[in-house]
Amino acid sequence: QVLLVESGGGLVQPGGSLRLSCAASGGTLSRFAVGWFRQAPGKEREFVAAISRSGETSNYGDSVKGRFTISRDNTKNMVYLEMNSLKPEDTAVYYCAGVGVRYALQIRTTASGYDVWGQGAQVTVSS
């Protein structure tokens with residue numbers, strides 16, 4: 001059973017940057033499409049970004065396009081979320097999620113499409 005663990009969250013000022021990491025253990029992450037989601041207090045879980053098994057295909061939520069970048073290093077069993085130009089409204093708990101998929105270019109953009117979740121990392125954007 002693959003386990004996912006997020007790291008890299010914290011407090012950052014508006015306009016700043018953070019990089020979240022998602023580490024996989026207990027299995028080979030290269031078999032999984034991976035997504036990032038976030039949830040702010042009182043709000044529903046929101047799609048942030050997704051990347052295919054091969055890393056060749058990615059997709060982003062409208063609110064983060066042009067500011068966030070998802071990437072992966074299958075040799076290290078890692079997925080990353082680079083977050084730039086952060087805004088207070090980016091404040092949330094960020095979750096890494098994975099699902100085994102057959103096709104190397106396949107991605108999923110809904111939470112229901114994933115079956116393995118990390119515990120979450122808090123990101124707070126505030127001055």
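The chain is numbered in sequence order, starting from 1.
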Please indicate whether Glu44 has more than 12 foreign heavy atoms, meaning atoms of other residues, nucleotides or ligands, lying under 6.0 Å from its CD.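 Atom CD in Glu44 is not packed in, count stays at 12 or less.
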Where do [X] and [Y] come nearest, in terms of heavy atoms and distance?
X      : Y      : result
Gly16  : Val12  : CA-CG2, 3.8 Å
Leu105 : Ser54  : CD2-OG, 3.6 Å
Pro14  : Ser127 : CD-N, 3.7 Å
Ile70  : Ser58  : CG2-CB, 3.9 Å
Ala49  : Tyr60  : CB-CD2, 3.6 Å
Tyr80  : Ser21  : CD2-OG, 3.4 Å

Given 3.5 Å as the limit, does a donor-acceptor pair link the side chain of Glu6 with the main chain of Cys96, or not?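 Yes, Glu6 side chain to Cys96 backbone: donor-acceptor pair under 3.5 Å.
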Same apolar cluster: [X] and [Y], side chain cutoff 4.5 Å:
X      : Y     : value
Val64  : Leu81 : yes
Val101 : Phe47 : yes
Val48  : Leu29 : yes
Val2   : Val34 : yes
Val93  : Met83 : no

Any chance you could measure [X], atom [atom1], to [Y], atom [atom2], to the nearest 0.5 Å?
X      : Y     : atom1 : atom2 : value
Ile107 : Arg53 : CD1   : CZ    : 14.0 Å
Leu20  : Trp36 : CG    : CH2   : 4.5 Å
Tyr103 : Thr57 : OH    : OG1   : 14.0 Å
Asn77  : Arg72 : CG    : CZ    : 9.0 Å
Trp117 : Cys22 : CH2   : SG    : 11.0 Å
Ile51  : Phe32 : CD1   : CZ    : 15.0 Å

Going by salt bridge (charged side-chain N to carboxylate O under 4.0 Å, His left out), name the pairs with one or both residues in residues 98-125, residues two or more places apart or in two chains.
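Sorted pair list comes back empty.
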With sequence neighbours excluded, give me every salt bridge (charged side-chain N to carboxylate O under 4.0 Å, His left out) pair touching residues 27-40.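 For residues 27-40: Arg38-Glu46, Arg38-Asp90.
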- Checking Arg45 against Phe37: charged group under 6.0 Å from the ring centre and within 45 degrees of the axis?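 Negative - Arg45 is either too far from the ring of Phe37 or too far off its axis.
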Which residues satisfy the side chain to side chain contact (heavy atoms under 4.5 Å, CB included) test with Thr124, sequence neighbours excluded?
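Thr124: side chain to side chain contact (heavy atoms under 4.5 Å, CB included) contacts with Leu11, Thr91, Gln122, Ser126.
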